[in-house]
Novice: 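Quick one: structure below, then a few questions.
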Protein chains: 2
Amino acid sequence: MAEANISDLIEQYLKEILSQDDFAEIKRSEIASRFAVVPSQINYVINTRFTLQNGYVVESKRGGGGYIRIEHVDLVDDTKIFDELIDYIGDSIGENNAGQIITALLNDKVVSEREANLMAAAIDKNSLRISDKVSENTVRARVLVGMVNRLRFESTNTHG
Amino acid sequence: MAEANISDLIEQYLKEILSQDDFAEIKRSEIASRFAVVPSQINYVINTRFTLQNGYVVESKRGGGGYIRIEHVDLVDDTKIFDELIDYIGDSIGENNAGQIITALLNDKVVSEREANLMAAAIDKNSLRISDKVSENTVRARVLVGMVNRLRFESTNTHG
DNA sequence: ATAATAATAGTCAGGAATGGTCAAATAATG
DNA sequence: CATTATTTGACCATTCCTGACTATTATTAT
């Protein structure tokens, strides 16, 4: 039970808000000055304590009237499966293995056929083709185009 | 909901009109003075919130009796718009624009909320982060992990 | 007709108000 | 001592708002 660092306090404060409202919409500079820390520490707290794995979705906007919104989302029942899957995937995975995972998710009815198709489109070799100077945006575009194209078809099996 | 921006209010106002009529035909200066902003802010609102990737088509005329007409286009049954969207994506697209497209697809019920979340996970900045020596398999892994993580959650809106 | 004028809308660049990233310094922990 | 977590600050990116200047269209005067 060691503690009392400021990040923990900020975490507590935000979770307090979340225990009452569906989401916490804050102004970064406001929270920073409330706790007398630099604004970027708010990002640190969010990045380390309000991650997807922990069940939080964060969205933000800059500029005038900017904000950071933290939302808590419900976990599905058996989250262990996903943890194992993610462990298995690790840092790198080939197209075949990835396709098998998607097929397994489909077989177990974790995802619908449409959803499986979307996932297959996203990880398709063509979508992810990387050359030296390719940018993040370029890859993203390919991924998105692949997925959008997939939506044209009602239901088609494409992975495996 | 912190709706502090005038631009947000103008956006709301226009969408209000669009929820009742097929299109919103406005006089720029009239809207500008109604919200006490300079006329060009109306262009700003339109350019940032009523773009093709948002699912809107805008046309206008200058001079006496000039107007701006905003029309909502439905992606469900408009194959041509679909093609234009893919054209728009092109070879490279940023996270925000990509997110807007996904939101538009969701709004027009082309995809379900779950599907939209999957797509958002696929194009997420973290999934697609590219460094020099990253391989295709590495990116694929990140994409897939991102999507699987998204499946943990029941149903939540995440893009915007 | 043509030219001038009025009435629109469009573009662009800049300033202000946010939030984001990254790496260095420091503290805590094993 | 080594590793990990926290804290900080310099620098970056995005969003909003404004105003000067430009472009287009309609109307009016000649």
Side-chain angles (χ1 to χ4, degrees), chain A residues 1-14 23-51 54 57-71 135-137, chain B residues 1-14 23-51 53-54 57-70 92-100 124-126 128-132 159-160:
Chain A
M1 286 274 277
E3 60 189 273
N5 67 60
I6 299 183
S7 288
D8 287 338
L9 296 180
I10 296 170
E11 175 189 8
Q12 267 177 42
Y13 175 79
L14 294 174
F23 52 81
E25 187 169 297
I26 62 170
K27 198 177 272 283
R28 188 179 75 152
S29 56
E30 200 257 300
I31 302 295
S33 71
R34 177 190 299 263
F35 287 92
V37 296
V38 296
S40 61
Q41 181 149 3
I42 308 305
N43 296 93
Y44 174 73
V45 172
I46 286 171
N47 290 333
T48 54
R49 292 153 162 85
F50 294 91
T51 63
N54 290 327
V57 171
V58 179
E59 100 187 45
S60 66
K61 197 169 78 170
R62 308 185 190 187
Y67 60 83
I68 300 176
R69 181 190 310 202
I70 305 172
E71 186 180 7
S135 77
E136 169 184 333
N137 284 357
Chain B
M1 296 287 185
E3 207 88 327
N5 295 326
I6 298 184
S7 288
D8 287 337
L9 297 180
I10 297 170
E11 174 190 7
Q12 242 178 268
Y13 174 79
L14 295 174
F23 52 81
E25 187 169 300
I26 63 169
K27 193 182 277 279
R28 190 179 75 152
S29 56
E30 199 258 301
I31 303 295
S33 71
R34 177 189 298 263
F35 287 93
V37 297
V38 296
S40 62
Q41 181 151 2
I42 307 307
N43 295 93
Y44 173 73
V45 172
I46 287 171
N47 290 332
T48 54
R49 294 153 162 85
F50 294 92
T51 62
Q53 72 264 24
N54 289 128
V57 168
V58 179
E59 90 187 54
S60 67
K61 198 173 75 170
R62 309 185 190 188
Y67 60 84
I68 300 176
R69 180 193 308 211
I70 304 172
S92 173
I93 189 171
E95 199 177 21
N96 284 355
N97 281 335
Q100 286 176 358
D124 183 84
K125 183 175 46 199
N126 281 326
L128 298 177
R129 174 164 284 140
I130 305 285
S131 74
D132 276 359
H159 34 276

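For the numbers below, each heavy atom of this structure counts, side chains included, while hydrogens, waters and symmetry mates do not. Residue numbers start from 1 in every chain, and the chains themselves are labelled A, B, ... in the order their sequence lines are given, proteins ahead of strands.
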Novice: If you take all heavy atoms of Gly66(B) and Lys27(B), which pair is closest and at what distance?
Specialist: O-NZ, 4.2 Å
Novice: Among dT6(D), dC17(D), dA13(D), find the nucleotide with the atom closest to the side chain of Ser7(B).
Specialist: dC17(D)
Novice: CZ of Arg62(A) versus C1' of dC11(D): gap in Å, rounded?
Specialist: 12 Å
Novice: Among the candidates dT6(D), dT14(D), dG10(C), find the nucleotide nearest to the side-chain atoms of Tyr44(A).
Specialist: dT6(D)
Novice: OP1 or OP2 of dA7(C) versus the side-chain N and O atoms of Lys61(B): is any pair under 4.0 Å?
Specialist: no
Novice: I'd like to know if the side chain of Thr48(B) and the backbone of Val45(B) have a donor-acceptor N/O pair within less than 3.5 Å.
Specialist: yes
Novice: Is there a side-chain polar atom (N or O) of Asn96(B) under 4.0 Å from OP1 or OP2 of dT15(D)?
Specialist: yes
Novice: Without decimals, in angstroms, what is the distance between Lys27(A) NZ and dC16(D) P?
Specialist: 12 Å
Novice: Counting heavy atoms from C-beta on, name the nucleotide in dT7(D), dG10(C), dG19(C) closest to the side chain of Ser60(B).
Specialist: dG10(C)
Novice: Give the residues of residues 28-42 of chain A touching DNA chain D, defined as any heavy atom closer than 4.0 Å, sorted by residue number.
Specialist: Val37(A), Val38(A), Ser40(A), Gln41(A)
Novice: Roughly, in whole Å, what's the span from OH in Tyr67(A) to P in dG20(C)?
Specialist: 11 Å
Novice: Judged by modelled atom types alone, do Ser40(B) and Asn43(B) share a side-chain donor-acceptor pair under 3.5 Å?
Specialist: no
Novice: What is the distance, rounded to the nearest whole Å, between atom CD1 of Ile68(A) and atom C1' of dT15(D)?
Specialist: 15 Å
Novice: What's the CG-P distance between Asn47(B) and dA13(C), to the nearest Å?
Specialist: 14 Å
Novice: Quick one: which of dC16(D), dA5(D), dG20(C) gets closest to the side chain of Asn43(A)?
Specialist: dG20(C)
Novice: Locate the shortest heavy-atom distance separating Ile31(A) from Tyr13(A); write the atom from each residue and the value.
Specialist: CD1-CE2, 3.5 Å
Novice: For Glu11(B) and dT15(D), what is the distance between atoms CD and C1' respectively, to the nearest whole Å?
Specialist: 13 Å
Novice: Does the pair Val37(B) and Tyr44(B) meet the rule for a side chain to side chain contact (heavy atoms under 4.5 Å, CB included), with working shown?
Specialist: CA-CA 11 Å; Val37(B) 297; Tyr44(B) 173 73; over 6 Å; no
Novice: When you measure from the side chain of Asn5(B) to the backbone of Ser7(B), do you find a donor-acceptor pair of N or O atoms at a distance under 3.5 Å?
Specialist: no
Novice: For dC16(D), does either OP1 or OP2 sit under 4.0 Å from a side-chain N or O belonging to Arg49(B)?
Specialist: yes
Novice: Looking across every strand, which nucleic acid part, if any, lies under 4.0 Å from Gly66(A) by heavy atom: base, sugar-phosphate, or nothing?
Specialist: sugar-phosphate
Novice: Classify Gly63(A) by what it touches in the nucleic acid, base, sugar-phosphate, or nothing, heavy-atom distance under 4.0 Å.
Specialist: base
Novice: Calculate the interatomic distance between Ile46(A) atom CD1 and dG20(C) atom P; express it in whole Å.
Specialist: 7 Å
Novice: Tell me: CG of Asn5(A) to C1' of dT26(C), nearest whole Å?
Specialist: 13 Å
Novice: Is there a side chain to side chain contact (heavy atoms under 4.5 Å, CB included) between Ile10(A) and Arg34(A)? Walk through the geometry before answering.
Specialist: CA-CA 10 Å; Ile10(A) 296 170; Arg34(A) 177 190 299 263; over 6 Å; no
